[in-house]
Amino acid sequence: MKTLEILFFVLLFIVFYTYLGYGILLWILVKIKQILHFAQNDNGFAPEALPEVTLFITAYNEEKVVDGKMKNCHELDYPKDKLKIVWVTDGSNDHTNDKLKEYADATVLFTPERKGKTAAMNRGMRFVTTPIVVFTDANTFINNQAIREIVSCFNNPKVGCVAGEKRVDMNSAAGAAAGGEGLYWKYESFLKKLDYQLYSAIGAAGELFAIRTSLYEEMPADTLLDDFILSLRITMKKYIIAYCDTAYALESGSADMKEEEKRKVRISAGGLQSIYRLNALLNPLRYGVLSFQYISHRVLRWSVTPVALFLLFPLNVILAIYSGNSLPYIILLLLQILFYIAGFYGYYLSTRSVKNKLLYIPYYFLFMNINVIKGFFYLKRHKGGAWEKARRA
């Protein structure tokens with residue numbers, strides 16, 4: 001029984017540390033760093049020194065958003081002669097390419113075969129000649145100062161990648177998909193900012209990020225999280241990922257939880273794939289603080305923690321029944337039961353399109369962790385680099 005008690009509290013600590021403890025510890029470490037007056041160098045480029053930039057957009061059958069995306073590109077506050085717009089539309093068989101023909105300033109790279117986003121990136125990057133490339137999705141809209149804000153971060157020679165902020169339009173969908181996703185990304189943004197203030201952000205989101213073109217490495221075509229693996233590989237070359245919350249991409253939430261599940265399962269599978277392909281980063285003797293951040297912020301979420309979470313309940317039941325001092329375990333069991341009831345009730349409300357932000361939290365939390373488990377089976381089935389896109393609201 002003692003062994004079960006030790007195991008229970010180890011698993012409880014892992015869950016707490018992954019979702020709350022790391023954030024608290026990170027905040028404390030950043031405050032200590034600030035007291036010691038260590039700071040990132042974020043001085044910007046002078047206007048006359050602004051470099052040429054490629055805005056790189058991969059798209060598959062995005063005819064509905066082409067005009068809106070190009071309008072967004074034209075509204076960006078960056079010298080037009082220094083901003084190149086490149087679309088890679090491999091496999092598109094709708095009117096995406098026809099619509100893009102209407103825009104003389106858009107370079108379109110197209111092949112009829114669809115091999116997936118990573119293969120499209122690998123092919124398209126061979127044509128990029130600017131020193132900085134900014135990646136963004138066709139269905140996201142970035143603020144007009146985004147390119148300037150991102151470029152200014154590269155004035156620090158240690159910065160090899162800049163992660164913009166992802167914002168979810170919680171008014172775009174009425175259900176838990178938009179509400180839960182929006183709350184999740186707010187917390188993620190908070191952690192990313194602290195990660196960067198400590199040393200480096202841990203990964204970039206494909207909605208908006210940039211790299212020094214010379215640091216691009218081709219990735220296997222079956223890569224699921226191309227943005228994450230590309231950005232972390234850059235940190236393995238002793239560069240850092242800057243987090244720029246003044247450059248942001250706004251996108252709609254998933255149309256519903258079924259569509260959100262597709263995204264989360266794929267992302268979870270990609271996380272597991274990334275752990276394997278970035279296994280060198282698990283060595284703190286080689287990568288120091290970066291390894292600590294990577295394991296704490298990403299690896300635990302995509303591997304150990306979901307298993308720990310779902311083992312806590314049966315272990316708690318056993319300890320509540322058979323432990324010599326059962327009262328603490330009974331209290332913890334009741335708290336777990338209340339949490340699961342809240343999560344299931346949040347699910348029930350979402351099926352009725354009833355908004356309740358408080359209940360979105362336990363529901364979305366359980367939803368995310370269940371999809372990590374599903375991600376393992378998705379990864380086993382995954383072949384090639386293409387996948388079915390989740391519908392947005």
Side-chain angles (χ1 to χ4, degrees), residues 15-27 29-30 135-137 140 142-143 146 150 161-170 172 176-210 224-232 235 240-254 260-261 263-272 274-275 290 292-303 305-306 309 357 360-369 371-372 375 390 392:
V15 173
F16 171 79
Y17 176 76
T18 300
Y19 291 106
L20 290 176
Y22 175 62
I24 295 169
L25 178 60
L26 194 57
W27 183 83
L29 292 174
V30 167
F135 297 93
T136 182
D137 288 342
T140 61
I142 61 180
N143 61 306
I150 286 172
C161 172
V162 179
E165 181 171 292
K166 173 181 174 178
R167 298 183 184 179
V168 177
D169 181 3
M170 290 192 279
S172 62
E181 189 182 358
L183 291 170
Y184 169 77
W185 275 104
K186 283 183 179 179
Y187 183 59
E188 267 300 291
S189 297
F190 171 74
L191 290 183
K192 285 183 176 183
K193 188 172 184 178
L194 289 177
D195 272 330
Y196 175 46
Q197 288 174 342
L198 181 64
Y199 175 65
S200 171
I202 304 300
E207 288 78 9
L208 180 61
F209 76 106
L224 288 166
L225 294 186
D226 45 83
D227 44 9
F228 185 77
I229 286 186
L230 173 58
S231 56
L232 264 293
T235 65
I240 62 174
I241 303 171
Y243 181 66
C244 184
D245 59 1
T246 51
Y248 59 86
L250 182 68
E251 71 173 5
S252 301
S254 297
E260 178 68 357
E261 180 181 355
R263 290 183 63 254
K264 287 300 181 190
V265 170
R266 181 180 62 80
I267 290 170
S268 298
L272 289 166
S274 300
I275 292 171
L290 181 65
F292 158 70
Q293 292 180 292
Y294 172 59
I295 293 168
S296 298
H297 193 163
R298 295 299 181 191
V299 174
L300 291 176
R301 288 191 190 188
W302 287 333
S303 58
T305 302
L309 174 67
K357 289 185 178 181
Y360 282 171
I361 296 172
Y363 171 35
Y364 201 78
F365 178 79
L366 292 171
F367 170 81
M368 286 193 305
N369 282 281
N371 286 325
V372 174
R392 290 289 175 178

Q: Of all heavy-atom pairs between Leu208 and Ala146, which one has the smallest distance, and what is that distance?
A: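 Here Leu208 and Ala146 meet closest at CD2-CB, 4.4 Å.
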
Q: Quick one: pull up OH in Tyr17 and OH in Tyr22 and give me the separation to the nearest 0.5 Å.
A: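 Spacing of OH (Tyr17) from OH (Tyr22) equals 6.5 Å.
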
Q: Once rounded to the nearest 0.5 Å, what's the spacing between atom CG of Leu232 and atom CG of Leu290?
A: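 So the CG of Leu232 and the CG of Leu290 are separated by 7.0 Å.
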
Q: Applying the side chain to side chain contact (heavy atoms under 4.5 Å, CB included) criterion to Ser189, which one of Lys166, Glu165, Arg167 satisfies it?
A: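 Exactly one candidate clears the test, Glu165.
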
Q: Using the side-chain contact (heavy atoms from CB on, under 4.5 Å) rule, take Val30 and Tyr199 through it: C-alpha gap first, then chi angles, then the decisive distance, then the call.
A: CA-CA 9 Å; Val30 167; Tyr199 175 65; over 6 Å; no

Q: Taking all non-hydrogen atoms of both residues, which atom of Ala201 and which atom of Lys192 are closest, and how far apart?
A: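 Distance-wise, the nearest heavy atoms are CB-O, 4.2 Å.
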
Q: Check Ala247 against Ile150 and note the closest heavy-atom contact, atom names and distance.
A: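 Answer, listing the atom of Ala247 first, then Ile150: CB-CG1, 3.7 Å.
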
Q: Can you sort out the partners of Thr18 under side chain to side chain contact (heavy atoms under 4.5 Å, CB included), two or more places apart, ordered by chain and number?
A: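 Counting only residues at least two positions away or on another chain, Thr18 forms a side chain to side chain contact (heavy atoms under 4.5 Å, CB included) with Ile14, Leu300, Arg301, Thr305.
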
Q: Carefully, step by step, assess Asp227 and Leu225 under the rule side-chain contact (heavy atoms from CB on, under 4.5 Å).
A: CA-CA 6 Å; Asp227 44 9; Leu225 294 186; 4.1 Å; yes

Q: Salt-bridged, Lys186 to Glu188, with N to O below 4.0 Å?
A: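 No salt bridge links Lys186 with Glu188.
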
Q: Working to the nearest 0.5 angstrom, can you tell me the gap between Thr136 OG1 and Ile142 CD1?
A: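 The CD1 atom of Ile142 is 5.0 Å from OG1 of Thr136, to the nearest 0.5 Å.
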
Q: Within a strict 4.5 Å, meaning less than it, do heavy atoms of the Phe135 and Leu230 side chains meet?
A: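 Counting from C-beta outward, Phe135 and Leu230 do come under 4.5 Å.
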
Q: Just how far is it from atom CG of Asp137 to atom CD of Glu207, taken to the nearest 0.5 Å?
A: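 Atom-to-atom, Asp137:CG and Glu207:CD are 5.0 Å apart.
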
Q: Is it the case that the ring center of Phe367 lies less than 6.0 angstrom away from the ring center of Tyr364?
A: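 Yes, ring centres under 6.0 Å apart.
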
Q: List the steps, then state whether side-chain contact (heavy atoms from CB on, under 4.5 Å) holds for Tyr363 with Ile361.
A: CA-CA 5 Å; Tyr363 171 35; Ile361 296 172; over 6 Å; no

Q: Between Tyr196 and Ile240, is the side-chain contact (heavy atoms from CB on, under 4.5 Å) condition met? List the steps.
A: CA-CA 8 Å; Tyr196 175 46; Ile240 62 174; 4.1 Å; yes

Q: What distance do Leu194 atom CG and Leu29 atom CG have between them, rounded to the nearest 0.5 Å?
A: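 So the CG of Leu194 and the CG of Leu29 are separated by 10.0 Å.
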
Q: Provide the full list of salt bridge (Lys or Arg N to Asp or Glu O under 4.0 Å) pairs with a residue in residues 16-27, sequence neighbours left out, each pair given once.
A: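 For residues 16-27, and leaving out neighbouring residues, there are no salt bridge (Lys or Arg N to Asp or Glu O under 4.0 Å) pairs at all.
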
Q: By ring-ring contact (aromatic ring centres under 6.0 Å, His included), which residues pair with Tyr294, not counting sequence neighbours?
A: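 Once residues adjacent in sequence are excluded, Tyr294 has no partner under the ring-ring contact (aromatic ring centres under 6.0 Å, His included) criterion.
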
Q: Donor-acceptor pair, distance only, cut-off 3.5 Å: does the side chain of Asn143 make one with the backbone of Tyr248?
A: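 Indeed, once roles are kept as given, a pair shorter than 3.5 Å links the two residues.
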
Q: List for me each residue that meets side chain to side chain contact (heavy atoms under 4.5 Å, CB included) alongside Leu272, sequence neighbours excluded, and say none if there are none.
A: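 Residues passing side chain to side chain contact (heavy atoms under 4.5 Å, CB included) with Leu272: Phe376, Leu379.
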
Q: Checking Ser231 now: which residues fulfil side chain to side chain contact (heavy atoms under 4.5 Å, CB included) with it, not counting sequence neighbours?
A: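 Partners of Ser231 by the side chain to side chain contact (heavy atoms under 4.5 Å, CB included) criterion, ordered by chain and then number, come out as Cys161, Ala204, Ile241.
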
Q: What distance separates Arg298 CZ from Ser303 OG, expressed to the nearest 0.5 Å?
A: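 So the CZ of Arg298 and the OG of Ser303 are separated by 12.5 Å.
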
Q: Might you point out which heavy atoms bring Ile202 and Phe228 nearest each other, and give the distance in Å?
A: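 In terms of heavy atoms, the two residues are closest at O-CE1, 3.8 Å.
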
Q: Do you know which two heavy atoms are closest between Leu26 and Leu191, and how far apart they sit?
A: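 Reported closest heavy-atom pair: CD2-O, 3.8 Å.
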
Q: Please find the pair of heavy atoms, one from Gly23 and one from Tyr187, that lie closest to each other, and give the distance.
A: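 Heavy atoms of Gly23 and Tyr187 come nearest at CA-OH, 4.3 Å.
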
Q: Quick one: list whatever passes ring-ring contact (aromatic ring centres under 6.0 Å, His included) with Tyr19, sequence neighbours left out.
A: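 Counting only residues at least two positions away or on another chain, Tyr19 forms a ring-ring contact (aromatic ring centres under 6.0 Å, His included) with Phe365.
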
